[in-house]
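Following: one structure in structure tokens, then a few remarks.
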Number of protein chains: 2
Amino acid sequence: MRSKDKTLMAAIERFVCEYADRHGYSPSMQEIADGVGSSKPTVYRYISQMNRDGILEYSGVRNVHSAKDNPSAARVGIPGRVACGLPKLAEENIEEYVKLPVSLFGEGPFYLLTASGNSMIEAGIDDGDWVLVRQQDTAEPGKVVVALIGDEATLKRYYPEPENHRIRLHPENSTMEDIYVDSCEIQGVAVSVFKDLT
Amino acid sequence: MRSKDKTLMAAIERFVCEYADRHGYSPSMQEIADGVGSSKPTVYRYISQMNRDGILEYSGVRNVHSAKDNPSAARVGIPGRVACGLPKLAEENIEEYVKLPVSLFGEGPFYLLTASGNSMIEAGIDDGDWVLVRQQDTAEPGKVVVALIGDEATLKRYYPEPENHRIRLHPENSTMEDIYVDSCEIQGVAVSVFKDLT
DNA sequence: GATTAAATAAAACATATGTTTCATTAGCAA
DNA sequence: TTGCTAATGAAACATATGTTTTATTTAATC
């Protein structure tokens, strides 16, 4: 028994990846065949096999995806920048969406905010940095949260003190005082900071 | 003359976006029609019109993209983590690719490295942070570069001193000394830092 | 070199999708 | 209401794509 051509398999996978990269959508069988110098039926059989083997996913017209790809990208909303303070995380404020790889940042729903002020500099969040926020209304103690204090959304570290019936919101800046509130609305948990170096 | 239904236009655009979001590829005319409660020919005419108007791009089977989308994502290579120092930026070391939105980080080619050590903490780069590097072999003075010193790739701020026929590589850590070399190979320029907060 | 089996590609086929046609419907104005 | 115009959707059509069949080629083995 002759073994199937591993080189052709690799070539197909590479072609599929690069085509998707270039065009933003999958190639057709014919295009793959032309691309790798083979024929449509051969490509078809290979792709079917690779689909069974889990090397790539194939499900109909122009719909092949390499398993190595990271097609699952989380949708991230970017609210319009506001002059001071952080905007409320509301769907209608979203001006733009981008996608971020789940493998790096996990599953959404996410929002991307620009940090203002320097109340969190010791946590590595400087003025102007992007902060990736997972939208959720609860948080584990010690996490950096987007908390609504009065009408303003702020970034603070979250320390509930149930024994004192209050919540401590801790700015990561030794020159600033902790804030104590009876309750506050959590709008999300900071997941990552994007710091521009250019 | 009756004006075309703006609501249907908006519905089609929304459907196209959400479908692409969900499935990772474009819907067919029929699917759009079903989705927005219209018919295939009507959807076809609307999409043709919207294509002419630049509201979305349409180019054949299962290939509609909202202009508001950000289909252009830069391909980013992630070399396997190495124990100490940074790996050489070579294609064969890439174990994984992800995509990052061009609107946030610009055009590639990019590599994503994990920072090790604390020679750049004053630039906001801490041990374990991800560093997004644009691959290029030159850099403007003052930029944070991936420089090959001997056999090891390191992150340093780049200050060429042509008058002294040397290059100063500056660690952003006041406890560390500047490094002077006659020449060094630049492998890329740091574009952004991803700091995990979780 | 002859034999055999697997892989291949050309062609035929089936299906899904896009596109056009055309009769109908819906809205608008006199 | 009546007549007009534009938009619509059902159906017919055209085309692109996927799938199967079948003969051919290729490579390995004896």
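Every chain is numbered from 1 and lettered A, B, ... according to where its sequence line falls, protein lines coming before strand lines.
- Taking the centre and axis of the six-membered ring of B:Phe110, the NZ or CZ atom of B:Arg134 falls outside the cone set by 45° and 6.0 Å.
- In this structure, the CZ atom of B:Arg45 is 20 Å from the P atom of C:dT17, given to the nearest Å.
- A donor-acceptor contact shorter than 3.5 Å links the side chain of A:Asn51 to the backbone of A:Tyr58.
- Other members of a hydrophobic cluster containing B:Ile121 are absent, since no ILVMFWY side chain comes under 4.5 Å of it, directly or through relayed contacts.
- Residue A:Tyr158 is found in a hydrophobic cluster whose other members, listed by chain and number, are A:Val145, A:Ile149, A:Ile167, A:Leu169, A:Ile179, A:Val181, A:Ile186, A:Val189; membership requires side-chain heavy atoms under 4.5 Å apart, directly or through intermediates.
- One N or O on the side chain of B:Gln136 and one on the backbone of B:Thr138 form a donor-acceptor pair closer than 3.5 Å.
- In this structure, CE of B:Met29 is placed 14 Å from C1' of D:dT15, rounded to the nearest angstrom.
- In this structure, A:Tyr58 atom OH and D:dT17 atom P are separated by 12 Å, rounded to whole Å.
- Spacing between atom CD of A:Gln30 and atom P of D:dT15 amounts to 17 Å, rounded to whole angstrom units.
- Taking only side-chain nitrogens and oxygens, B:Tyr44 comes nearer than 4.0 Å to OP1 or OP2 of C:dT19.
- Distance OH (A:Tyr46) to P (C:dA7): 7 Å, rounded to an integer number of Å.
- To the nearest angstrom, P of D:dT8 lies 7 Å from CG of B:Leu8.
- In this structure, B:Gln49 atom CD and D:dA6 atom C1' are separated by 14 Å, rounded to whole Å.
- With B:Ser48 contributing its side chain and B:Tyr44 its backbone, the two residues share a donor-acceptor pair below 3.5 Å.
- When the P atom of D:dT17 is taken as reference, atom CD1 of A:Ile47 falls 14 Å away, rounded to whole Å.
- For DNA chain C, the neighbouring residues in residues 31-41 of chain B, judged by any heavy atom under 4.0 Å, are B:Lys40, B:Pro41.
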